[in-house]
Participant: 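Quick one: this structure, given as structure tokens, is what I'll be asking you about.
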Protein chains: 2
Amino acid sequence: MMKEINCYEQLFHVFSKMGRLPVLLKEAITENSKIVSFKKNERLLSEGEKSDSIYFIISGAVRVFYLNKEGIETNTWFLFENELVISVFSFFTSQPSFEYIETLEDSVFIALKKDKLDWLYEHFVEFNIIGRRLTELYYIRNEAQANALRMLSAKERYDLLLQTQPHLLQRVALGHIASYLGISRETLSRIRKK
Amino acid sequence: MMKEINCYEQLFHVFSKMGRLPVLLKEAITENSKIVSFKKNERLLSEGEKSDSIYFIISGAVRVFYLNKEGIETNTWFLFENELVISVFSFFTSQPSFEYIETLEDSVFIALKKDKLDWLYEHFVEFNIIGRRLTELYYIRNEAQANALRMLSAKERYDLLLQTQPHLLQRVALGHIASYLGISRETLSRIRKK
DNA sequence: GCTACTTTTTGATAAATGTCACATAATGAA
DNA sequence: TTCATTATGTGACATTTATCAAAAAGTAGC
């Protein structure tokens with residue numbers, strides 16, 4: 001029980017950095033969400049399903065990926081403690097997902113259903129401030145990624161990753177990182193040798 | 001005067017698709033923003049400045065770009081009528097911009113200063129719903145772009161552009177489109193020949 | 001420890017894309 | 001229109017990156 005309380009403190013810490021988080025809203029969040037655990041390599045979401053929950057990572061790590069037309073996994077996102085996970089397109093549009101979400105480690109999440117989230121947005125209008133700011137933050141990260149893919153060579157993208165997200169290298173297999181950087185496993189291996 | 005009213009109707013039409021837009025909020029938006037015109041190839045924002053205004057495009061078109069380390073322009077966004085323009089990073093973080101915003105045609109905008117926008121967000125809390133939803137929409141577009149850059153070949157990215165944003169080819173110079181697709185002008189020219 | 005399995009590395013080669021130089025076409029100003 | 005300027009296209013070649021095949025290294029279960 002103590003553990004669960006700490007989980008929510010972790011979540012509220014992140015949220016309260018974005019905007020006002022009254023006690024009543026905290027209670028409503030707690031009541032409308034639940035804590036879920038997944039073992040390593042389990043799926044939170046598969047292609048074709050609707051991304052109808054948002055997950056806050058208490059501990060562990062996940063990757064978001066999709067299968068390209070050759071059926072090869074393409075990782076688009078790695079997320080860790082204190083970060084939020086959705087399949088962006090599916091969650092925001094309520095359409096079926098083309099992405100998978102899978103744990104990279106044993107993980108614990110706070111899961112909030114989309115309809116509950118919408119209910120919270122509606123009944124605690126100030127919660128939209130937090131939602132808006134968080135969306136902005138993840139948007140910025142995504143844009144930085146697109147810019148890197150547009151303008152940097154494979155080696156430069158790897159160096160940038162080393163510089164900005166070194167922890168990622170410790171916790172994510174190289175094969176996964178390669179597709180995230182938009183290159184083949186072999187090329188990543190050669191880049192690293194230098 | 002009639003023209004200005006139509007401008008705001010255009011803006012409100014887009015906003016009201018995202019959420020409730022009470023008359024008082026409409027009035028506040030009108031009072032706190034202004035209509036501005038720019039000739040073709042004029043700058044709305046330069047590197048080093050803060051992106052402190054959001055622009056709604058009444059008519060015309062803009063591109064967002066930055067200079068890479070060789071000083072070459074890299075286009076990241078093309079925006080047209082009924083779309084919103086900011087330098088995402090600078091606007092959301094209030095840090096100096098690394099991007100430029102420039103008109104591609106003679107253009108008319110509704111300009112809203114960031115401090116005014118923040119004031120609106122604060123005093124009309126439901127406006128955060130609209131802000132959040134719009135941020136989500138642009139985020140989705142950005143993610144699609146990142147995915148294309150990660151997994152598609154130059155030709156596939158061009159074909160996708162043809163398919164999803166054919167109007168862009170009519171109004172944006174090929175040299176600008178090339179960097180947007182993450183390829184050289186020459187490669188784009190060769191792709192098109194086929 | 002030892003096997004079976006997965007991940008990473010390496011080599012050889014092919015394909016994609018970039019770069020440079022210049023030609024051609026389009027555009028805009030006088 | 002004409003000239004100057006800018007944008008686009010083309011050819012030759014260099015470079016980057018992908019692909020395929022296989023070896024080496026690492027990992028998990030027994």
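Computed from a prediction, not measured in an experiment: that's the story for all the values here. Numbered from 1 within each chain, the chains take letters A, B, ... in sequence-line order.
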Participant: For residues A/W119 and A/A28, report the shortest heavy-atom separation together with the two atoms involved.
Facilitator: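 Residues A/W119 and A/A28, closest heavy atoms: CZ3-CB, 4.5 Å.
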Participant: Between atom CG in A/N41 and atom P in D/dT27, what is the gap in whole Å?
Facilitator: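 For the pair A/N41 CG and D/dT27 P, the rounded distance is 15 Å.
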Participant: Between A/R190 (CZ) and D/dT16 (P), how many Å, whole number?
Facilitator: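 Taking CZ of A/R190 and P of D/dT16, I get 14 Å after rounding.
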Participant: Using chain A heavy atoms and a threshold of under 4.0 Å, write down where along DNA chain C the contacts begin and end, 5' to 3'.
Facilitator: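 On DNA chain C, the outermost contacted nucleotides are C/dT8 to C/dA12.
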Participant: Could you check how far CD of A/E156 sits from P of D/dT15, rounded to whole Å?
Facilitator: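 Distance check: A/E156 CD to D/dT15 P gives 16 Å.
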Participant: Could you point out which residue of A/R171, A/K40, A/K39 forms a salt bridge (charged side-chain N to carboxylate O under 4.0 Å, His left out) with A/E105?
Facilitator: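 Among the candidates, only A/R171 passes.
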Participant: Is there a donor in the side chain of B/S51 and an acceptor in the side chain of B/S90, or the other way round, less than 3.5 Å apart?
Facilitator: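 The answer is no; no qualifying pair exists.
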Participant: Identify which nucleotide among D/dT10, D/dC20, D/dT17 has an atom closest to any side-chain atom of A/S153, counting heavy atoms from C-beta outward.
Facilitator: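 The closest nucleotide is D/dT17.
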Participant: Apply the ring-ring contact (aromatic ring centres under 6.0 Å, His included) test between B/F109 and each candidate in B/Y55, B/F80, B/F56; give the one that qualifies.
Facilitator: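 Only one option passes, and that is B/Y55.
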Participant: Does D/dA18 have OP1 or OP2 under 4.0 Å away from a side-chain N or O of A/T187?
Facilitator: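 It does, given that an N or O in the side chain of A/T187 lies less than 4.0 Å from OP1 or OP2 of D/dA18.
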Participant: Over how many whole Å does the gap from A/K40 atom NZ to D/dG29 atom P extend?
Facilitator: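 From A/K40 NZ to D/dG29 P: 9 Å.
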Participant: Hey, would you say the A/F78 and A/Y180 ring centroids sit under 6.0 Å apart?
Facilitator: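 Yes, the ring centres sit under 6.0 Å apart.
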Participant: Please give, in whole Å, the distance from D/dT17 P to A/Y158 OH?
Facilitator: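 Spelled out: OH on A/Y158 to P on D/dT17 is 15 Å.
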Participant: Would you mind telling me which residue lines up with the more 5' stretch of DNA chain C, B/S184 or A/S189, judged by nearest nucleotide?
Facilitator: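 It is A/S189, whose closest nucleotide lies nearer the 5' terminus.
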Participant: Rounded to whole Å, please give me the gap between CZ in A/R185 and P in D/dA25.
Facilitator: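 Rounded to the whole Å, the gap is 18 Å.
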Participant: Roughly, in whole Å, what's the span from CG in B/L174 to P in D/dT6?
Facilitator: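 After rounding, the reported distance stands at 18 Å.
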Participant: Provide, to the nearest angstrom, the distance between the CD atom belonging to B/E186 and the P atom belonging to D/dA7.
Facilitator: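 Answer to the nearest Å: 14 Å.
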Participant: Report the C-alpha distance between A/R141 and A/E83 in whole Å, list the side-chain angles of each, state the deciding distance to 0.1 Å, and finish with yes or no for salt bridge (Lys or Arg N to Asp or Glu O under 4.0 Å).
Facilitator: CA-CA 12 Å; A/R141 283 167 59 170; A/E83 297 187 313; 2.9 Å; yes
Participant: At their closest point, which heavy atom of A/Q10 faces which heavy atom of A/I58, and how far apart are they?
Facilitator: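 The pair with the smallest heavy-atom distance is NE2-O, 2.9 Å.
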